[in-house]
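Report on the structure given below.
Side chains included, hydrogens not; waters and symmetry mates left out as well; all remaining heavy atoms used.
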Amino acid sequence: MRKSTRPHRPAPARASDWEILVERDGIVASRRLVEGREFPQLRAVGEVRGTPYEVLAVLNDVPAYVEWLPDCVDSTTVRVIDDWRSLIYLRTAAPWPVSDREAVVENQVNFTDPPAKVTVSFRAVTAADVMQKPGTVR
C-alpha cells in the first residue's frame with residue numbers, strides 16, 4: 001500500500017458545526033470548535049442597510065474602529081496587500097488585572113453577488129514583523 005504524500009487537511013466544516021451564541025438585532029453570533037486550535041472560530045452574520053460600498057467605506061476606515069468596536073482602543077492599518085486585502089492591528093482594552101489583548105488580522109473583501117452582496121472576512125495572522133506592544137497579550 002502506497003503512503004500519501006499530501007498533507008492532512010481537516011474535513012470542511014458543515015453549517016451544523018456552528019453553535020449559536022446570541023441572536024440580537026438581526027445579527028447571529030456563532031462559534032465552532034476546530035481540531036488542533038486552542039480557541040474556537042467566531043463569526044457574526046447579519047444584513048446591513050446600505051450599499052456594499054457604503055459598508056466597505058465604514059470597514060475600510062480602520063482608525064474609526066475605536067468609535068464603534070466595543071473596547072477597541074487602537075486600530076491601525078499595518079499594510080495594504082492589494083485593493084481588497086490588508087493587515088490591521090487591533091488592541092482591545094481588558095479590565096484589571098487582565099492585560100489588554102491585541103491581534104493582527106487579515107481583512108479580505110469578496111464580492112459574492114456584485115454589486116448586491118459582499119463578504120468581508122477577518123482572520124488572525126501571526127505577522128511576526130509586527131512587534132507586540134508592551135502590556136498586551138496576542
Legend entry - Contacts of Arg31 that satisfy salt bridge (Lys or Arg N to Asp or Glu O under 4.0 Å) - sequence neighbours left out: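 Once residues adjacent in sequence are excluded, the partners of Arg31 under the salt bridge (Lys or Arg N to Asp or Glu O under 4.0 Å) criterion are Glu19.
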Inset, instruction - Check salt bridge (Lys or Arg N to Asp or Glu O under 4.0 Å) between Asp82 and all other residues, then give those that pass, not counting sequence neighbours. - result: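 Salt bridge (Lys or Arg N to Asp or Glu O under 4.0 Å) check on Asp82 returns Arg85.
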Inset, instruction - For Asn60 and Leu56, indicate whether the former's side chain and the latter's backbone hold a donor-acceptor pair under 3.5 Å. - result: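 Flag set: sc Asn60 to bb Leu56 pair under 3.5 Å.
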Inset, instruction - Show your working on side chain to side chain contact (heavy atoms under 4.5 Å, CB included) between Lys117 and Phe111 and close with a plain yes or no. - result: CA-CA 6 Å; Lys117 291 184 182 179; Phe111 287 89; over 6 Å; no
Please report the closest heavy-atom contact between [X] and [Y], naming both atoms and the distance.
{"X": "Thr92", "Y": "Pro70", "value": "CG2-O, 4.4 Å"}
{"X": "Ile88", "Y": "Val78", "value": "C-CG2, 4.1 Å"}
{"X": "Ser75", "Y": "Val62", "value": "OG-O, 2.6 Å"}
{"X": "Ala94", "Y": "Asp100", "value": "N-OD1, 3.0 Å"}

Between [atom1] on residue [X] and [atom2] on residue [Y], distance to nearest 0.5 Å:
{"X": "Gln41", "Y": "Ser30", "atom1": "CD", "atom2": "OG", "answer": "11.5 Å"}
{"X": "Ile81", "Y": "Gln108", "atom1": "CD1", "atom2": "CD", "answer": "8.0 Å"}
{"X": "Ser121", "Y": "Asn107", "atom1": "OG", "atom2": "CG", "answer": "8.5 Å"}

Output side-chain donor-acceptor pairs under 3.5 Å for residues 123-134, partner residues at least two apart or in another chain, one line each.
| unit_1 | atom_1 | unit_2 | atom_2 | d |
| --- | --- | --- | --- | --- |
| Arg123 | NH2 | Glu106 | OE1 | 2.8 |
| Asp129 | OD2 | Arg79 | NH1 | 2.8 |
| Asp129 | OD2 | Arg79 | NH2 | 3.4 |
| Gln132 | NE2 | Thr136 | O | 2.6 |
| Lys133 | NZ | Asp74 | OD2 | 2.9 |

Inset, instruction - Please work out which of the three classes, parallel, tilted or perpendicular, describes the rings of Tyr65 and Phe122, given edges at 30° and 60°. - result: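 Taking Tyr65 first and then Phe122, their aromatic rings stand perpendicular (interplane angle over 60°).
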Inset, instruction - Kindly check if the number of other-residue, nucleotide or ligand heavy atoms within 6.0 Å of CG (Leu33) is above 12? - result: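 Incorrect, the count does not exceed 12.
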Legend entry - Matching residue for Val109 among Val118, Asp83, Val55 - test: side-chain contact (heavy atoms from CB on, under 4.5 Å):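 The side-chain contact (heavy atoms from CB on, under 4.5 Å) with Val109 is passed solely by Val118 among Val118, Asp83, Val55.
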Legend entry - Ionic contact status for Glu102 with Arg91, cut-off 4.0 Å: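 Looking at Arg91 and Glu102, the cut-off is not met.
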